[in-house]
K.L.:
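The structure under discussion is supplied below as structure tokens; questions concerning it will follow.
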Amino acid sequence: MEMDSIYMGLQKPSEDVYSTVNQPQGKRAGAEQGDPTAGKAPPYRWAALVLAGLCALSVAAIIFLAVYILSFQTKSLELQSQYSELERNYTNISATVFTLEKNYSNISAKYSALDQYCPVTDTSSKEQVCKACPQNWELFNGKCYYFSTDRMNWNSSRDNCTSLGGHLVIIESDGEQGFLSDKAWNITQEANIINEEKSYWIGLTDAVTEGTWLWVDGTPLIGNDQAKFWATRSDGGKEPDDYKGEDPSGEDCAQLEPKSNSQKTWFDASCTKQYERICETKAVIA
Ligand SMILES: *[C@@H]1O[C@H](CO)[C@@H](O)[C@H](O)[C@H]1NC(C)=O
Ligand SMILES: *[C@@H]1O[C@H](CO)[C@@H](O)[C@H](O)[C@H]1NC(C)=O
Ligand SMILES: *[C@@H]1O[C@H](CO)[C@@H](O)[C@H](O)[C@H]1NC(C)=O
Ligand SMILES: *[C@@H]1O[C@H](CO)[C@@H](O)[C@H](O)[C@H]1NC(C)=O
Ligand SMILES: *[C@@H]1O[C@H](CO)[C@@H](O)[C@H](O)[C@H]1NC(C)=O
Ligand SMILES: *[C@@H]1O[C@H](CO)[C@@H](O)[C@H](O)[C@H]1NC(C)=O
Ligand SMILES: *[C@@H]1O[C@H](CO)[C@@H](O)[C@H](O)[C@H]1NC(C)=O
């Protein structure tokens, strides 16, 4: 309806404008009584008003669109930062998963060794009784010791202790040395093989630098109180002597040879000789 009236106004402007201006007075007076368009605002003003309205509508639409686009941009920025945070999190999680996988394989490798602490004692109930030390290991002062019955050279002994989840024994105190010497002596007595050489490799060697004795964990013996555990030979000579009579490369590995009533039980020996060994590991329950 509005559009129609605008058109009408534009198509026939003369009818209204000129008729108003040119009509004689009498006709105008008559028109005041009979003409339906008389007394209303001129149609061009309607057109202007409608155009202004359209203009206002357009401005409103533009403002609305601008606000909409701005909020859209803000959202997009937000999403972008969230995306990069997710990417960072993903990298972080990947790294965590990687170390977890490595830790898992490490733990799996140790599981079989740990299993010895909890042997299935009753196969019918599958009940496990866990101990501080693996089966056949001796508990002393929070640590477990394995006195082997088989013999190996020093390198193999070191590797075997590692494969059992421990290391060749590292002796750190008088108490520990006393326990090991006593235990080794008792085993010797029980086995009743006093005349047979029965000696245990310990985790001490000077194979890298002659005269520099190192424990298997890299700790040096030099300057340590424990050096007093070296034995005195039956001929009165002091150990270690790096004796080259049997092995021209000398004696670079330490063994514990049990004696009655003496703590000075260490001798150096050729690393290639076969002896029993003492392995050590931490007790799981102190
Ligand atoms: C990223 O990880 C942190 C915790 O590390 C969490 O608070 C944040 O919500 C995560 N971000 C996303 C986008 O998932
Ligand atoms: C990465 O993960 C560690 C935990 O594994 C967490 O402390 C740290 O806040 C994370 N970093 C990021 C950027 O999410
Ligand atoms: C993996 O194990 C090491 C110790 O071996 C520990 O410090 C680290 O936090 C562990 N990593 C995870 C992701 O559990
Ligand atoms: C796995 O074990 C090896 C040696 O036992 C160690 O060097 C390495 O750091 C361990 N890795 C983790 C992730 O704990
Ligand atoms: C013992 O192992 C070390 C490496 O730890 C090696 O250098 C040395 O040659 C080995 N000795 C013998 C006799 O096999
Ligand atoms: C270590 O020695 C024990 C016997 O004392 C043996 O059962 C085991 O197979 C040995 N392990 C290796 C890797 O030689
Ligand atoms: C050695 O045997 C004696 C006598 O049987 C005993 O009293 C002592 O506790 C034993 N020592 C060790 C470390 O087994």
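First listed ligand is number 1; within each ligand, the first listed atom is number 1.
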K.L.:
Would Phe147 and Tyr200 count as a close aromatic pair, with their ring centres under 6.0 Å?
P.N.:
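Ring centres of Tyr200 and Phe147 closer than 6.0 Å.
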K.L.:
Is it true that the side chains of Gln177 and Thr265 contain a donor and an acceptor less than 3.5 Å apart?
P.N.:
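Checked: Gln177/Thr265 side chains pair up, N/O donor to acceptor below 3.5 Å.
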K.L.:
Taking only heavy atoms of the protein into account, state which residues are under 4.0 angstrom from an atom of ligand 6, in chain and number order.
P.N.:
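Ligand 6 is contacted, at a heavy-atom distance under 4.0 Å, by Tyr146, Asp150, Asn160, Ser163, Arg277.
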K.L.:
Are more than 12 heavy atoms, taken from residues, nucleotides or ligands other than Lys282, located less than 6.0 Å from that residue's NZ atom?
P.N.:
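Incorrect, the count does not exceed 12.
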K.L.:
Is there at least one pair of N or O atoms, one from Asn155 and one from ligand 5, spaced under 3.5 Å apart?
P.N.:
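Between Asn155 and ligand 5, an N or O pair is found under 3.5 Å apart.
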K.L.:
Looking only at heavy atoms, which two atoms of Lys198 and Pro258 are closest? And how far apart?
P.N.:
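For Lys198 and Pro258, the tightest heavy-atom pair comes out as O-CD, 3.2 Å.
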K.L.:
Using a strict cut-off of 4.0 Å, indicate which atoms of ligand 1 neighbour a heavy atom of Leu86.
P.N.:
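Near Leu86, the atoms of ligand 1 are 12 (C), 13 (C), 14 (O).
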K.L.:
Before signing off on this row, confirm whether Asn89 and ligand 1 have an N or O atom pair separated by under 3.5 Å.
P.N.:
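So ligand 1 has an N or O lying under 3.5 Å from an N or O of Asn89.
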K.L.:
Answer yes or no: is there an ion pair linking Asp174 with Lys228, defined by an N-O contact shorter than 4.0 Å?
P.N.:
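Here Asp174 pairs with Lys228 in a salt bridge, since their nearest N and O are under 4.0 Å apart.
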K.L.:
State the atoms of ligand 5, each with its element, that fall below the 4.0 Å cut-off from a heavy-atom position in Arg158.
P.N.:
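Selected atoms, number and element: 2 (O), 5 (O).
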K.L.:
Check whether the side chains of Tyr90 and Glu85 place a donor and an acceptor atom closer than 3.5 Å, and report yes or no.
P.N.:
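Short answer, no.
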K.L.:
Report the distance from atom CG of Asn155 to atom CG of Asn160, rounding to the nearest 0.5 Å.
P.N.:
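The CG atom of Asn160 is 12.5 Å from CG of Asn155, to the nearest 0.5 Å.
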K.L.:
Can you label the angle between the Phe229 ring and the Trp266 ring as parallel, tilted or perpendicular, going by 30° and 60°?
P.N.:
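Answer is perpendicular, since the angle exceeds 60°.
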